[in-house]
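Here is how names work: the chains are called A, B, and so on, in the same order as the sequence lines, proteins then strands, and each is numbered from 1.
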Number of protein chains: 2
Amino acid sequence: MPRTRPQSPKPTSAPSAELESNVGYMLRRAQLAVFADFVACQSAPRTRPGQYAVLLLIGRHPGLSQSALCDQLSIKRANLVPLLNELKRRGLAIRRPSLTDRRSNCLYLLPAGEKLVARVQKAERIHESRIVQLLGTQRQQQLLTMLEQLSHLRLSAPKAD
Amino acid sequence: MPRTRPQSPKPTSAPSAELESNVGYMLRRAQLAVFADFVACQSAPRTRPGQYAVLLLIGRHPGLSQSALCDQLSIKRANLVPLLNELKRRGLAIRRPSLTDRRSNCLYLLPAGEKLVARVQKAERIHESRIVQLLGTQRQQQLLTMLEQLSHLRLSAPKAD
DNA sequence: GCATTTGATTATGCACTATAACAAATTGCA
DNA sequence: TGCAATTTGTTATAGTGCATAATCAAATGC
């Protein structure tokens with residue numbers, strides 16, 4: 001009986017020593033693992049980190065415009081459009097024309113969206129607790145601080161100022 | 001005079017407080033910034049982190065097979081193919097049929113590949129020094145350690161063991 | 001009032017990841 | 001030894017994330 005083994009025991013083979021001192025490479029690896037865990041901690045209808053971020057922000061700031069949301073998430077306006085279309089299709093959020101600016105839309109969660117956010121948040125707490133379990137609370141906080149600093153790396157001109 | 005301002009002063013606007021305590025989200029942000037800086041630290045013909053990783057490993061392990069390389073990098077065999085095609089097209093690396101296993105190829109850097117690796121490594125040192133400048137040596141080391149731990153998060157079964 | 005800017009959208013492209021299917025070669029074992 | 005199973009590289013394909021340019025309507029700034 002062949003039976004394609006359920007998944008070779010290849011547990012994210014250690015990165016070769018050449019690369020494990022490269023911050024960027026390790027960041028990518030960690031990010032993939034953490035995102036996968038975030039999704040894995042959910043049940044039934046899984047929500048991707050990106051969609052979750054959108055839903056969470058809309059829920060926190062009802063009536064937000066698409067542009068404002070894009071600024072918050074550092075994504076391009078053009079890329080938000082299909083995201084919102086999908087959320088609308090799933091009955092999670094809606095666009096409503098602004099009353100004060102006829103160009104822009106106000107974003108709102110629908111009841112199903114509220115419920116989904118609550119559900120994913122529960123999973124997210126489990127997910128984060130798994131991280132704390134791995135790093136400890138203090139180091140997790142240090143990690144967040146460092147990641148925040150790194151996200152400002154923005155080419156501050158390697159040459160002069 | 002209109003002059004489309006060179007880039008609105010939107011310096012990676014701070015992530016909304018709702019998300020900045022989310023490790024996954026902050027990892028993604030930091031990773032994007034770090035990758036961008038890695039590329040920005042190079043001159044002339046920029047090399048992406050992915051291609052660089054491939055070239056570096058081939059350089060360190062001449063004769064490596066494609067499968068072995070994929071294992072090291074945790075990428076799928078199918079995705080390495082176009083990558084290698086591109087490297088061959090640019091005259092940076094080649095496949096040579098293995099003498100001991102006629103299924104597999106041995107990978108080698110061409111002189112141009114060697115030179116490119118050396119050049120990018122120089123940029124990489126500058127890039128990493130910019131990170132150290134931001135975090136300090138000790139915290140950078142702590143960061144690497146934590147990222148390594150996180151990359152092993154792999155669903156260790158949230159339920160039981 | 002008219003030039004400029006802004007908000008949302010469409011179209012498009014690139015990079016990365018993932019899966020399934022396949023042929024040729026190798027391996028394992030009965 | 002012979003045949004089933006696995007491995008290697010490949011093709012085809014799909015989904016996701018990010019980016020740019022062009023467009024239209026609406027708002028803003030002299």
Side-chain angles (χ1 to χ4, degrees), chain A residues 1-10 12 24-25 27-29 31-33 35-36 38-39 46-54 63-86 88 94-107, chain B residues 1-5 7-8 10 12 24-25 27-29 31-33 35-36 38-39 46-54 63-71 73-88 94-107:
Chain A
M1 209 187 298
R3 275 208 317 125
T4 61
R5 223 167 306 161
Q7 210 92 339
S8 327
K10 203 167 291 163
T12 314
Y25 182 73
L27 272 172
R28 168 185 157 274
R29 283 188 146 251
Q31 191 244 303
L32 289 180
F35 270 26
F38 170 78
V39 173
R46 312 269 166 99
T47 303
R48 307 191 159 287
Q51 296 216 338
Y52 173 62
V54 168
L64 197 66
S65 78
Q66 297 184 203
S67 290
L69 178 53
C70 287
D71 286 350
Q72 289 283 316
L73 293 174
S74 298
I75 66 176
K76 305 292 173 181
R77 275 173 299 149
N79 294 329
L80 180 60
V81 176
L83 246 169
L84 287 179
N85 290 343
E86 169 71 4
K88 169 174 184 173
I94 50 165
R95 287 178 256 232
R96 287 201 307 180
S98 166
L99 301 175
T100 63
D101 187 336
R102 283 185 296 168
R103 292 170 304 177
S104 68
N105 295 325
C106 298
L107 302 175
Chain B
M1 210 187 300
R3 274 206 322 126
T4 61
R5 224 165 307 158
Q7 210 93 338
S8 327
K10 205 165 292 163
T12 314
Y25 181 74
L27 272 172
R28 168 187 156 273
R29 283 186 145 253
Q31 190 246 303
L32 288 180
F35 269 26
F38 171 78
V39 173
R46 312 267 166 99
T47 303
R48 307 194 158 284
Q51 297 217 338
Y52 174 61
V54 169
L64 197 67
S65 78
Q66 299 184 202
S67 290
L69 179 52
C70 287
D71 287 349
L73 293 174
S74 298
I75 67 177
K76 304 294 172 179
R77 275 174 299 146
N79 294 329
L80 179 60
V81 176
L83 246 169
L84 286 179
N85 291 343
E86 169 71 5
L87 294 181
K88 169 173 184 173
I94 50 165
R95 287 178 258 233
R96 287 202 307 183
S98 166
L99 301 178
T100 62
D101 186 336
R102 282 184 297 168
R103 294 170 301 176
S104 68
N105 295 325
C106 297
L107 302 175

For this session: For side chain to side chain contact (heavy atoms under 4.5 Å, CB included), just list the numbers for A:Leu73 and A:Val54, CA-CA rounded to whole Å, side-chain angles, deciding distance to a tenth of an Å, and then say yes or no.
Result: CA-CA 8 Å; A:Leu73 293 174; A:Val54 168; 3.7 Å; yes
For this session: Give the C-alpha distance, both sets of side-chain angles, the deciding distance and a yes or no for side chain to side chain contact (heavy atoms under 4.5 Å, CB included) between A:Gln51 and A:Glu86.
Result: CA-CA 9 Å; A:Gln51 296 216 338; A:Glu86 169 71 4; 3.4 Å; yes
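Backbone-only contact: B:Ser65 has heavy atoms under 4.0 Å from sugar-phosphate atoms and none from a base. Residue A:Leu80 is out of contact with every strand shown, counting any heavy-atom pair closer than 4.0 Å.
Inter-axis angle, ends of the helix from C:dG1-D:dC30 to C:dA30-D:dT1, five pairs per end, rounded to 10 degrees: 30°.
Taking CZ from B:Phe35 and CD from B:Gln31, the interatomic distance works out to 4.5 Å, rounded to the nearest 0.5 Å. A distance of 8.5 Å separates OG of B:Ser98 from CG of B:Asn105, quoted to the nearest 0.5 Å. In this structure, A:Asp101 CG and A:Ser67 OG are separated by 9.5 Å, a value rounded to the nearest 0.5 Å. Expressed to the nearest 0.5 Å, how far CG of A:Leu32 lies from OG of B:Ser74 amounts to 9.0 Å.
The side-chain contact (heavy atoms from CB on, under 4.5 Å) check on A:Asn79 picks up A:Lys76, with sequence neighbours excluded.
With distances taken from any side-chain atom of B:Val81 to the nucleotides C:dT9, D:dT11, C:dA18, the minimum falls on D:dT11. Nearest nucleotide to the B:Arg95 side chain, out of C:dT17, D:dT10, C:dT9: D:dT10.
Put simply, CG on A:Leu64 is 12 Å from P on C:dG7, counting in whole angstrom units. As rounded to whole Å, 12 Å separates atom C1' of C:dG13 from atom CG of A:Asn79.
Between B:Ser67 and the phosphate of D:dT8, there is a side-chain N or O to OP1/OP2 separation shorter than 4.0 Å. The phosphate of C:dG7 (OP1 or OP2) has no side-chain N or O of A:Ser98 nearer than 4.0 angstrom. Within the structure, every side-chain polar atom (N or O) of A:Gln66 is placed at least 4.0 Å from both OP1 and OP2 of C:dT6.
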For this session: Classify every nucleotide of nucleotides 22-28 of chain C by which part a protein heavy atom approaches to under 4.0 Å, writing B for the base, S for the sugar-phosphate alone and - for neither, in 5'-to-3' order.
Result: --BBS--
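The residue among A:Arg28 and A:Asn85 whose nearest nucleotide of DNA chain C lies closer to the 5′ end is A:Asn85. Where A:Arg48 and A:Ala78 each meet DNA chain D at their nearest nucleotide, the meeting point lying more 5' is that of A:Arg48.
Counting heavy atoms from C-beta outward, B:Ile75 and B:Leu80 have side chains that approach closer than 4.5 Å.
Looking at B:Tyr25 and B:Arg29, their side chains do bring a donor and an acceptor atom within 3.5 Å of each other.
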